[in-house]
*Asks:* 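Dumping the structure here so I can ask a few things about it.
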Amino acid sequence: MAAISLALAIPVAAVVVATAAQATPATGNLSDRQVLVRIPQPGDPPALVPISSASRLRELADRVGEMAAALPASTVLPLDLAYDPAAPPELSPTTGQPVRHAQELGSARGDSEFAMAPAYVASPALLRLAGADPAAIPRSVDVVTGQARSLVMFAPTRTRDLEHPPTVRVPGPRYTSLPDTLLTVGGLARRQLVPVRAGWLIESGQHLTGPQVAAARRIAARAGLTIESRDGQAAVQTVRASATAGGLVLALAVLAMTVGLIRSEGAADLRTLTATGADAGIRRTLTAATAGGLALLGVLLGTFGAGLGLVAVYRSDLAAFGHVPAIYPLIFLVGVPSAATAAGWLLAGREPASIARRMPQ
């Protein structure tokens with residue numbers, strides 16, 4: 001029973017974990033209507049923006065316009081970072097080209113550790129994406145953020161203590177790849193920072209198809225840009241289905257061995273039943289009931305054990321359990337006992353090899 005329960009607890013846990021990792025239509029990196037275009041190259045920190053001439057920026061903007069023109073009712077939102085003009089240019093660690101180090105904000109992860117992220121220049125459209133009302137942001141505020149942690153500001157060239165800029169917290173964007181920390185125009189002016197183009201957000205009026213995303217990637221590759229679209233989550237679904245199938249096969253194999261051991265231990269009783277007139281139907285019923293009962297008890301114990309561990313892990317986000325597709329509880333609670341019962345019925349009708357006498361010891 002312990003082996004059966006453990007074998008079933010593994011796929012139960014895998015289904016919940018995979019479901020928690022899978023984005024819903026209202027979550028994830030981007031919506032299925034959005035494409036995020038970036039100028040920084042893969043491998044570089046997002047705060048390193050290549051130094052581009054005005055003509056080069058116009059060329060990149062034209063390529064982005066070409067992507068948008070291929071999408072129905074699309075809009076293009078420019079995305080700017082900000083840098084300190086007193087900071088000398090740096091070199092990209094991947095391409096060796098000159099880059100600007102954009103202003104970053106750090107969120108505290110410990111006493112002396114910070115998670116750094118570039119701060120985008122706030123525009124009315126970006127503020128609305130972050131859940132803020134542009135007209136309600138005081139002019140004295142430097143930072144608008146959807147992060148819950150305290151933020152500190154660093155300057156690339158100036159040596160000074162960590163600064164906690166005047167901040168307003170907002171709900172934040174719905175999708176994780178959209179800018180969630182913004183520098184206001186007043187904050188740029190007070191710190192003498194200069195905006196620099198870092199990318200564009202393209203939003204289509206309809207759901208993007210695979211060929212449309214592929215066409216945008218081809219245009220971006222020719223122009224030296226990188227793009228990001230919504231993760232399809234296909235790998236998560238594959239992991240969930242594979243873990244379920246593998247766990248069920250393992251559980252049924254353990255169950256078959258368990259029923260076989262029980263039948264071997266009760267062979268004398270089975271011979272007695274057969275000798276007293278029990279036909280194949282009775283033998284099948286006994287084995288099927290044994291297999292089905294063990295499978296149902298194993299499912300309940302395995303689910304209960306896995307649930308206890310998962311509640312401890314997801315105690316701050318119990319909504320993950322509510323997103324599990326209904327087909328999986330049905331497979332575990334109905335499918336496994338039914339399969340075990342059917343297998344026991346089909347395989348247990350054979351008459352014992354010896355009747356009315358004991359096998360030699």
*Asks:* To the closest 0.5 Å, what do you measure between CG (Leu294) and CG (Leu301)?
*Replies:* 10.5 Å

*Asks:* Applying side-chain contact (heavy atoms from CB on, under 4.5 Å), can you list everything that pairs with Val334, at least two apart in sequence or on another chain?
*Replies:* Leu330, Ser338

*Asks:* Which ILVMFWY residues can you reach from Val99 by hopping between side chains whose heavy atoms are under 4.5 Å apart?
*Replies:* Leu48

*Asks:* Which residues satisfy the salt bridge (Lys or Arg N to Asp or Glu O under 4.0 Å) test with Arg190, sequence neighbours excluded?
*Replies:* Asp142

*Asks:* Looking only at the side chains, is there a donor atom on one of Arg174 and Ser31 sitting less than 3.5 Å from an acceptor on the other?
*Replies:* no

*Asks:* Testing the basics here: between Pro46 and Pro40, what is the closest heavy-atom pair and its distance to 0.1 Å?
*Replies:* O-CG, 4.0 Å

*Asks:* Which of these, Leu127, Thr184, Val144, sits in a side chain to side chain contact (heavy atoms under 4.5 Å, CB included) with Pro134?
*Replies:* Leu127

*Asks:* Under 4.5 Å between side-chain heavy atoms, counting indirect links through other Ile/Leu/Val/Met/Phe/Trp/Tyr residues: same cluster for Ile51 and Val194 or not?
*Replies:* no

*Asks:* Between the side chain of His164 and the main-chain N/O of Leu151, is any donor-acceptor distance below 3.5 Å?
*Replies:* yes

*Asks:* Can you sort out the partners of Arg169 under side chain to side chain donor-acceptor pair (under 3.5 Å), two or more places apart, ordered by chain and number?
*Replies:* none

*Asks:* Please give the remaining members of the hydrophobic cluster of Leu225, linking ILVMFWY side chains under 4.5 Å, ordered by chain and number.
*Replies:* Val35, Val37, Ile39, Leu57, Leu60, Val64, Met67, Leu71, Val76, Trp200, Ile202, Leu208, Val213, Ile219, Ile227

*Asks:* Rounded at 0.5 Å granularity, tell me how far CZ in Arg38 sits from CG in Asp44.
*Replies:* 12.5 Å

*Asks:* If we check side chain to side chain contact (heavy atoms under 4.5 Å, CB included) with Leu182, which of these qualifies: Val121, Leu105, Leu126?
*Replies:* Leu126

*Asks:* Kindly state each residue pair satisfying side chain to side chain donor-acceptor pair (under 3.5 Å) with at least one member in residues 64-73, sequence neighbours excluded.
*Replies:* Arg63-Glu66

*Asks:* Could you list the residues that satisfy salt bridge (Lys or Arg N to Asp or Glu O under 4.0 Å) with Asp80, not counting sequence neighbours?
*Replies:* Arg197

*Asks:* Please give me the minimum heavy-atom distance between Leu79 and Pro179, naming the atom from each residue.
*Replies:* CD2-CG, 4.5 Å

*Asks:* List the atom of Ala82, the atom of Val196, and the distance in Å for their closest heavy-atom pair.
*Replies:* N-CG1, 4.3 Å

*Asks:* If you take all heavy atoms of Ser229 and Asn29, which pair is closest and at what distance?
*Replies:* O-ND2, 2.8 Å

*Asks:* So, using salt bridge (Lys or Arg N to Asp or Glu O under 4.0 Å) as the criterion, who are the partners of Arg56 when residues are at least two apart?
*Replies:* Glu59

*Asks:* Between CD of Glu104 and CE of Met153, what distance do you get to the nearest 0.5 Å?
*Replies:* 11.0 Å

*Asks:* Might you point out which heavy atoms bring Pro337 and Ala295 nearest each other, and give the distance in Å?
*Replies:* CA-CB, 3.8 Å

*Asks:* Gln212: what forms a side chain to side chain donor-acceptor pair (under 3.5 Å) with it, not counting sequence neighbours?
*Replies:* Thr209

*Asks:* For residues Pro165 and Arg191, report the shortest heavy-atom separation together with the two atoms involved.
*Replies:* CB-NH2, 3.8 Å

*Asks:* Would you say the side-chain atoms of Gln192 pair up with the backbone N or O of Pro85, donor to acceptor, closer than 3.5 Å?
*Replies:* no

*Asks:* Do the side chain of Asp180 and the main chain of Ala130 share a donor and acceptor less than 3.5 angstrom apart?
*Replies:* no

*Asks:* Do Leu183 and Tyr120 make a side-chain contact, defined as non-hydrogen atoms from C-beta onward lying under 4.5 Å apart?
*Replies:* no

*Asks:* Using distance alone, with no hydrogens and no angle criterion, decide if Ser177 and Glu228 have a side-chain donor and acceptor under 3.5 Å apart.
*Replies:* yes

*Asks:* Establish whether Leu91 and Tyr83 are linked, either directly or via other cluster members, by ILVMFWY side-chain heavy-atom contacts under 4.5 Å.
*Replies:* no

*Asks:* What I'd like to find out is whether the side chain of Pro93 reaches to under 4.5 Å of the side chain of Pro45, using heavy atoms alone.
*Replies:* yes

*Asks:* Checking Thr226 now: which residues fulfil side chain to side chain donor-acceptor pair (under 3.5 Å) with it, not counting sequence neighbours?
*Replies:* none

*Asks:* For Arg33, which residues count as a side chain to side chain donor-acceptor pair (under 3.5 Å) partner, sequence neighbours excluded?
*Replies:* none

*Asks:* Please round to the nearest 0.5 Å and tell me the distance separating atom CG of Leu333 and atom OG1 of Thr303.
*Replies:* 6.0 Å

*Asks:* Which salt bridge (Lys or Arg N to Asp or Glu O under 4.0 Å) pairs, counting each pair once, include a residue from residues 123-140, with sequence neighbours left out?
*Replies:* none

*Asks:* Is it true that Val336 and Val249 fall in one hydrophobic cluster, defined by side-chain heavy atoms closer than 4.5 Å?
*Replies:* no

